[in-house]
Asks: 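Here's a structure for you.
Each residue takes its place number in the sequence, starting with 1.
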Amino acid sequence: MPMNIAMDGPVGAGKSSIADAVAQRLSILHLDTGAMYRAFGLYALRMGADMDNEAEMETLITKAQVSVRYEKNGQRTMLFDEDVTDLIRTGEVSAAASAVSRYGAVRRHMVRLQQALAQTTDMLIDGRDAGTVILPDSPCKIFLTASAEERARRRWLQNTAKGDMTPYEQVLRELNARDEQDMNRKTDPLRMAPDAILVDSTHMSVEEVVDHIVSLVEGVYGKR
Ligand code: DC
């Protein structure tokens, strides 16, 4: 049985960079599931599809070919034969990914792909449904969080470094709204799996979080 680690948590908890670092320390692959929804969002945009039309999305997902492959510097996300890794980080694609990920048929399709990948290799899967839906039987589930204020503070620091001067209070308000939406949406709302281990990074550095998660994984799977 491959080593399968599930990692979820709310927006701004530092999930993807922590997941990358943990996977690297353990020499296993990191599957960024959000990138797969983004690739399908890009496809829907290119096809000029109506993302509010569920029936249209159900048909479109059967035509799209989203896959991932791995290079030395990590995951590459593919749409048919095209490497779209660098094209899926725009605001337009974020909005499309958020729209298409609402639909059950799209989610089931993606989850099937993700589960098939996890069966073939040791992998850390990050995504808001990793512990609850993709890997419900994983013996190692991490729910990474931090206080809303701390997550907003980190996001605000990142923003200001990029020249985005949105005030902290607004960043916090938007983050609270996004949390609310994520926890209350109809399909696969963000929630902690009952057997997940809560890691609260509010008062921890990135290195401390990575060390802590690696030791939790080793507690389950033994030292690698
Ligand atoms: O994590 P991200 O921002 O790259 O995710 C892109 C979108 O896909 C975002 O709206 C959340 C959604 N998503 C999801 O519904 N389920 C996942 N497992 C991963 C992402």
Side-chain angles (χ1 to χ4, degrees), residues 1-9 14-43 58 60-89 93 97 100-101 103-144 187-188 190-197 199 210 213-224:
M1 275 268 285
M3 174 200 259
N4 286 159
I5 303 162
M7 200 155 121
D8 337 73
K15 231 179 345 148
S16 28
S17 45
I18 302 272
D20 250 344
V22 170
Q24 236 173 46
R25 279 270 297 274
L26 296 168
S27 304
I28 62 173
L29 301 180
H30 164 209
L31 179 65
D32 168 6
T33 57
M36 299 172 73
Y37 289 95
R38 285 170 180 271
F40 179 58
L42 176 65
Y43 181 59
E58 281 178 7
L60 201 65
I61 190 66
T62 63
K63 297 189 177 139
Q65 256 181 50
V66 173
S67 60
V68 297
R69 57 187 179 79
Y70 286 89
E71 289 182 354
K72 251 213 308 289
N73 53 356
Q75 174 178 329
R76 307 301 295 179
T77 306
M78 310 294 294
L79 178 59
F80 297 93
D81 290 333
E82 181 187 0
D83 184 336
V84 295
T85 312
D86 302 323
L87 301 178
I88 55 177
R89 298 292 153 191
V93 174
V100 298
S101 66
Y103 300 119
V106 173
R107 305 200 64 80
R108 282 192 296 277
H109 182 93
M110 292 302 183
V111 168
R112 267 199 303 275
L113 293 176
Q114 292 150 4
Q115 289 176 332
L117 277 166
Q119 271 172 16
T120 63
T121 183
D122 293 344
M123 185 167 255
L124 185 158
I125 296 194
D126 115 53
R128 60 202 59 203
D129 54 349
T132 49
V133 181
I134 309 171
L135 297 173
D137 300 327
S138 163
C140 190
K141 299 174 185 167
I142 310 289
F143 193 88
L144 179 65
T187 40
D188 300 343
L190 176 69
R191 59 189 171 80
M192 188 171 144
D195 55 344
I197 304 164
V199 175
V210 173
I213 295 179
V214 167
S215 68
L216 289 173
V217 174
E218 287 174 347
V220 175
Y221 283 105
K223 251 190 161 32
R224 311 276 288 172

Asks: Mind checking salt bridge (Lys or Arg N to Asp or Glu O under 4.0 Å) for D8 and listing every partner two or more places apart, or none if nothing turns up?
Replies: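 For D8 there are no salt bridge (Lys or Arg N to Asp or Glu O under 4.0 Å) partners, ignoring immediate neighbours.
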
Asks: Ignoring hydrogens, what is the shortest heavy-atom contact between V199 and L216? Give both atom names and the distance.
Replies: CG2-CD1, 3.8 Å

Asks: How long is the gap from CD on Q119 to CE on M1, to the nearest 0.5 Å?
Replies: 9.0 Å

Asks: Return the CG to OG1 distance between D129 and T33, rounded to the nearest 0.5 Å.
Replies: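 It is 6.0 Å, given to the nearest 0.5 Å.
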
Asks: Closest heavy-atom contact between L144 and M7?
Replies: CD2-CE, 4.0 Å

Asks: Restricting to non-hydrogen atoms, name the atom on S138 and the atom on A6 that form the minimum distance, rounded to 0.1 Å.
Replies: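 Between these two residues, the closest heavy atoms are OG-N, 4.2 Å.
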
Asks: List the steps and the verdict of side-chain contact (heavy atoms from CB on, under 4.5 Å) for I197 and M192.
Replies: CA-CA 9 Å; I197 304 164; M192 188 171 144; over 6 Å; no

Asks: If you look at every heavy atom in S16 and H30, which pair is closest and at what distance?
Replies: O-CE1, 3.7 Å

Asks: Crowded around Q24 CD? As in, over 12 foreign heavy atoms under 6.0 Å?
Replies: no

Asks: Checking side-chain contact (heavy atoms from CB on, under 4.5 Å) between Q115 and each of L135, I134, I125, which is the one that passes?
Replies: I134

Asks: Distance check, rounded to the nearest 0.5 Å: I88 atom CD1 versus D32 atom CG?
Replies: 7.5 Å

Asks: Nearest 0.5 angstrom please: H109 NE2 to T62 OG1, how far?
Replies: 8.0 Å

Asks: So, taking the atom named CZ in R25 and the one named CD1 in I213, what distance separates them when rounded to the nearest 0.5 Å?
Replies: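 These two atoms lie 10.5 Å from each other.
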
Asks: Looking only at non-hydrogen atoms, find the nearest pair between Y221 and P2 and report the distance.
Replies: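 That closest heavy-atom pairing would be OH-O, 4.3 Å.
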
Asks: Side chains of Y43 and I61: closer than 4.5 Å at any heavy-atom pair?
Replies: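 Y43 does not reach I61 side chain to side chain.
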
Asks: Is Y37 close to M110 at the side-chain level, that is, under 4.5 Å between some pair of heavy atoms?
Replies: yes

Asks: Looking only at atom types and distance, does a side-chain atom of D126 sit under 3.5 Å from a main-chain N or O of A19, one as donor and one as acceptor?
Replies: no

Asks: Going by heavy atoms in the side chains, are V217 and M3 under 4.5 Å from each other?
Replies: yes

Asks: Any side-chain heavy atom of L124 within less than 4.5 Å of one from L31?
Replies: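 SC-SC contact between L124 and L31 ruled out.
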
Asks: Hey, what do you get for CD (E82) to OG1 (T77), rounding to the nearest 0.5 Å?
Replies: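 OG1 of T77 is found 12.0 Å from CD of E82.
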
Asks: I'd like to know whether CZ of R191 has more than 12 heavy-atom contacts from other residues, nucleotides or ligands below 6.0 angstrom.
Replies: no

Asks: Flag the pair V84 / R38 as yes when at least one side-chain heavy-atom distance between them is below 4.5 Å, and no otherwise.
Replies: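 When only atoms from C-beta onward are counted, R38 and V84 do not touch, as no gap falls below 4.5 Å.
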
Asks: Checking Q65 against S67: is there a side-chain donor and acceptor pair closer than 3.5 Å?
Replies: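 Note: S67 and Q65 side chains miss the donor-acceptor criterion.
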
Asks: I want to check something: taking the side chain as every heavy atom from C-beta on, are Y70 and Q75 in contact at a cut-off of under 4.5 Å?
Replies: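 Yes; the side chains approach each other to less than 4.5 Å.
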
Asks: Would a 4.5 Å heavy-atom cut-off, applied to side chains only, mark F40 and S101 as touching?
Replies: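 They are not in contact (no side-chain heavy atoms under 4.5 Å apart), so the answer is no.
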
Asks: Looking at D122, V220, I28, which one forms a side-chain contact (heavy atoms from CB on, under 4.5 Å) with I5?
Replies: I28

Asks: Strictly below 4.0 Å, N to O, side chains only: are K141 and D195 in salt-bridge contact?
Replies: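 Salt bridge flag = yes for D195 with K141.
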
Asks: For E58 and A105, which heavy atoms make the closest approach, and how far apart are they?
Replies: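 Closest pair (atom of E58, atom of A105, distance): CG-CB, 3.4 Å.
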
